[in-house]
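We name chains A, B, ... by the order of the sequence lines, and we start the count at 1 in each one. Keep in mind the model is a prediction, meaning the values are calculated, not measured.
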Amino acid sequence: MAYAYLFKYIIIGDTGVGKSCLLLQFTDKRFQPVHDLTIGVEFGARMITIDGKQIKLQIWDTAGQESFRSITRSYYRGAAGALLVYDITRRDTFNHLTTWLEDARQHSNSNMVIMLIGNKSDLESRREVKKEEGEAFAREHGLIFMETSAKTASNVEEAFINTAKEIYEKIQEGVFDINNEANGIKIGPQHPTTNSTLPGSQGGQQAGGGCC
Amino acid sequence: MSPAGSPPHRYHPRFPYHVQYIKNSNYLHFQITMSQSAPSDAESLPPPGLTTHSDLSCGHDVPEDPAASAETQQPSQIPESALQTTDVATEDTGDTLTSSESHLKCDGHLTECDQSVSLEPDATEEEKDQEVSHSSSRQAWGGWGSWGKSLLSSATSTVGHSLTSVKVKAGEALRLHRTSVGEEAREEEEDTTEENAVASNRGVFSAISNVVQNTGKSVISGGLDALEFIGKKTMTVLAESDPGFKKTKTLMQKTASLSQMLKEAKEKERARLSNQPISAPTAHYGILFDDYQGLSHLEALEILSNESEAKVQEYLSSLEEEEQEEVKKELIFIKDIFIKREEEKEEEAGNEEQAKDEEFMSVLTELLFELHIAATPDKLNKARISAHEWVSKVERPVTTETVGRETREQPGGEQGEEGEDGLAKEEKREEDDLISSVSTSVFVLQAVYMSSVGSLAEVTARSIEQLHKVAELILHGQEQEQEKPARDQAHVLTRLTCAMCKEVECLAGKFSDTLLLVGCQRKAEELSPLIESVLLEGSNSTNYIQNAFQLLLPVLQISHIESQRCTTFFNQPATHVFGM
């Protein structure tokens with residue numbers, strides 16, 4: 001139940017690339033071929049384990065439609081990780097990556113870990129964007145890269161977990177100031193005190209200690 | 001058995017509270033007298049919680065009115081703002097307390113203190129207080145305040161009894177210090193009780209309870225072991241009997257935004273649970289609320305609200321004085337609609353006392369349609385339907401046998417154990433009907449309780465999600481230029497929120513009735529904490545919803561400004577100054 005860290009993620013990218021499906025696959029291990037258009041933002045959460053530590057991923061799945069862009073931008077702030085998704089069967093979604101990336105960099109903290117995801121890898125016959133192109137783009141912009149399939153669940157876990165690993169490493173290296181919540185990282189509740197089971201009279205002190 | 005859907009404040013006649021309520025009403029005296037001194041201190045301070053709103057109004061050097069508008073928002077954010085003033089107010093009220101404390105000492109007689117004040121006049125004064133300072137939450141007081149009081153008294157009665165007897169015995173030894181210190185100790189206990197019972201009204205009490213508690217603590221630790229022991233024990237009892245206790249306590253200390261506070265409360269609870277061996281299953285509203293993504297939606301709504309507020313201020317400061325006055329007038333008009341809400345709510349409540357089940361849904365759909373935005377209430381409706389369904393399942397078959405079976409099927413609960421129990425019981429139900437029904441009713445009671453809290457958390461989370469979606473769609477629709485005028489939307493949203501709150505109140509009432517029905521063979525000590533907890537979470541729920549509603553105000557205001565600009569400069573849409 002309790003976690004050592006909580007990471008806030010955002011999922012961004014053009015409409016219809018499979019952002020919500022990736023989330024559903026990751027949180028519920030399900031695939032829904034037909035998905036409602038996301039309005040604004042939807043949420044998902046899952047616990048993962050890295051280096052023996054429980055980490056809770058709180059995922060903000062944003063609407064991809066252009067008309068929601070101004071709203072979803074508001075949600076970027078305070079994210080520790082971002083999944084930037086395109087559809088390997090639609091080149092235009094790949095072409096828009098630069099805009100998405102600029103947007104993300106501009107509206108979030110500079111240390112945010114960004115994972116580039118080429119989704120729908122199961123549709124090999126309809127592929128329009130080569131894997132190498134994705135890799136090149138990622139290399140050029142300092143992103144991690146993976147091709148996934150929300151339908152077959154291929155690489156979905158890995159995409160989320162590898163992002164978390166990268167964030168975790170950054171924490172270890174001291175790149176992230178974990179006490180600054182604007183970085184999208186929160187320390188779990190078990191750190192401050194262990195005497196939370198004491199009766200109410202301790203409540204005040206304990207709560208005070210928690211915020212330090 | 002009481003009928004379904006009776007409002008929560010209508011206290012059940014079979015409940016043994018009323019006697020004790022009167023008997024112990026004197027115990028309430030201290031919170032009430034003190035609470036009157038506290039809020040004034042608290043109110044005089046700027047509410048740090050409203051940083052975004054009030055800070056911006058100052059920071060951007062905007063004339064008074066928007067600032068005033070920001071300030072008038074605070075009443076509805078009582079939990080937030082009051083909590084935040086708590087820490088600061090502590091020192092100030094400390095003085096007040098010592099003076100009243102010395103006053104008690106002068107009196108010298110416990111009995112005198114006890115009899116000097118009756119609950120009623122104080123309560124009404126207190127309500128007046130509320131009316132003035134928290135005008136927008138008036139309705140919440142009217143409706144919920146009454147059961148809050150009974151809750152308080154019932155909880156106090158448990159404490160009060162044991163304490164009085166101990167006090168009599170210890171009386172000789174303590175003699176001189178008894179009056180002052182004894183009062184302190186009791187105040188402390190009552191305060192903790194109070195925090196549970198009147199958490200919805202924290203605004204008034206929070207500031208004082210800390211002071212009292214701290215003072216109480218220091219006096220006790222000053223050397224009176226006996227009283228310390230009593231105090232501790234009572235605290236433990238209180239903490240054990242109410243799972244919401246710690247959460248509420250934590251909430252009192254916090255200084256961040258509402259979603260922040262809820263989040264931290266939930267995490268503390270989680271941590272506490274993980275430290276405990278898994279024994280008695282208890283329902284934890286905060287955790288469930290988060291699991292239904294209520295916190296995330298609230299947080300996202302806060303982001304939108306804050307950004308909208310910033311844009312409103314930015315726009316206002318960009319205007320010439322005359323123009324600015326004009327716009328401000330319009331914005332205040334919208335704000336007034338948000339505040340007037342309460343009166344309308346009362347009228348409505350009078351008209352349709354008994355809200356039918358289907359009504360909520362149609363009202364909700366209708367209102368959302370009226371907003372001219374494409375939000376459907378599917379999720380919220382599903383949540384409330386499942387809540388009503390399990391209640392009617394439990395209610396229909398009155399025999400505990402069937403109750404046992406039915407509650408096992410209800411959604412949301414992780415109550416694995418009572419499955420076996422139900423089976424075992426069915427086999428021998430012919431023989432020892434009585435014994436088995438008593439033993440199962442423990443599980444059934446727990447199950448009903450867990451489902452109650454779970455359903456409240458779910459419906460509340462979904463309501464807040466709905467309001468969040470509305471905010472997103474209003475901001476979205478702004479660009480489409482086809483929506484209703486903001487003031488019309490304000491009216492509709494007001495009614496929408498009322499409908500949600502009413503539904504939650506109705507559910508909480510239903511749940512407590514169901515608990516009574518199922519637990520009729522259980523002792524009051526066992527039953528009442530559960531009922532109290534459900535009613536408390538019910539009132540917390542309406543508070544959360546109303547807070548979320550207030551977050552919509554800046555969203556509507558910026559939407560209004562944008563649409564005005566569109567009409568005024570219809571041919572130059574490029575003049576949008578905002579990023580939105």
Side-chain angles (χ1 to χ4, degrees), chain A residues 1-4 6 8 10 27 36-45 54 56 58-63 65-78 103 106-107 181 186-211, chain B residues 87 188 192 195 210 213-214 217 231-240 245-246 248-256 260 263-264 266-276 287 290-291 293 295-297 300 303-304 306-307 374-375 465 468-469 471-473 475-476 479-480 578-580:
Chain A
M1 285 282 267
Y3 51 84
L6 181 147
K8 173 180 167 178
I10 50 170
T27 57
D36 286 346
L37 274 178
T38 306
I39 295 170
V41 68
E42 287 298 336
F43 302 98
Q54 290 280 87
K56 182 175 176 179
Q58 197 210 30
I59 303 145
W60 296 45
D61 168 32
T62 64
Q65 280 173 291
E66 180 62 38
S67 59
F68 276 109
R69 193 76 75 89
S70 60
I71 298 170
T72 51
R73 251 183 232 126
S74 315
Y75 300 135
Y76 291 5
R77 202 178 317 138
D103 235 22
Q106 196 186 333
H107 291 90
E181 278 187 22
K186 277 189 74 177
I187 309 177
Q190 76 268 44
H191 285 278
T193 44
T194 45
N195 62 350
S196 51
T197 42
L198 286 180
S201 57
Q202 297 290 318
Q205 294 149 18
Q206 181 209 331
C211 19
Chain B
D87 292 345
E188 189 179 348
T192 54
E195 283 162 29
N210 264 349
Q213 221 165 286
N214 291 340
K217 241 182 277 167
K232 267 188 188 162
K233 188 144 194 205
T234 325
M235 289 291 231
T236 322
V237 170
L238 285 171
E240 276 166 0
F245 173 71
K246 221 149 266 133
T248 318
K249 280 223 54 137
T250 319
L251 283 176
M252 318 272 304
Q253 314 285 336
K254 286 302 159 187
T255 51
Q260 190 80 27
K263 209 178 269 178
E264 276 163 26
K266 175 217 61 181
E267 276 156 13
K268 294 240 161 68
E269 194 57 57
R270 242 185 240 272
R272 196 181 64 84
L273 281 180
S274 65
N275 290 341
Q276 272 179 351
I287 292 174
D290 185 44
D291 288 346
Q293 302 296 349
L295 272 180
S296 301
H297 282 288
I303 291 173
L304 293 181
N306 291 342
E307 294 205 345
E465 173 173 358
H468 173 216
K469 288 294 139 197
E472 286 179 330
L473 286 165
L475 290 173
H476 179 251
E479 291 173 353
Q480 321 292 311
F578 315 114
M580 302 213 80

Quick check on B/Asp290 against chain A: is it the side chain, the backbone, both or neither that has a heavy atom closer than 4.5 Å? side chain
Side chain, backbone, both or neither: which part of A/Arg77 has an atom under 4.5 Å from a heavy atom of chain B? side chain
Output all residues satisfying salt bridge (charged side-chain N to carboxylate O under 4.0 Å, His left out) with A/Glu42, sequence neighbours left out; order by chain, then residue number. B/Lys379, B/Lys469
Which atoms of B/His297 approach chain A - backbone, side chain, both or neither, heavy atom under 4.5 Å: both
Hey, mind stepping through A/Tyr75 and B/Ile303 against side chain to side chain contact (heavy atoms under 4.5 Å, CB included) and telling me if it holds? CA-CA 7 Å; A/Tyr75 300 135; B/Ile303 291 173; 4.2 Å; yes
Determine whether A/Phe68 and B/Leu473 make a side-chain contact, defined as any pair of heavy atoms from C-beta on separated by less than 4.5 Å. yes
Report the residues that fulfil side chain to side chain donor-acceptor pair (under 3.5 Å) with B/Ser296, sequence neighbours left out, ordered by chain and then residue number. A/Gln58, B/Gln293
Heavy-atom pairs under 4.5 Å with chain B are the metric here; pick the option from A/Leu6, A/Val41, A/Thr72 that has the most. A/Val41
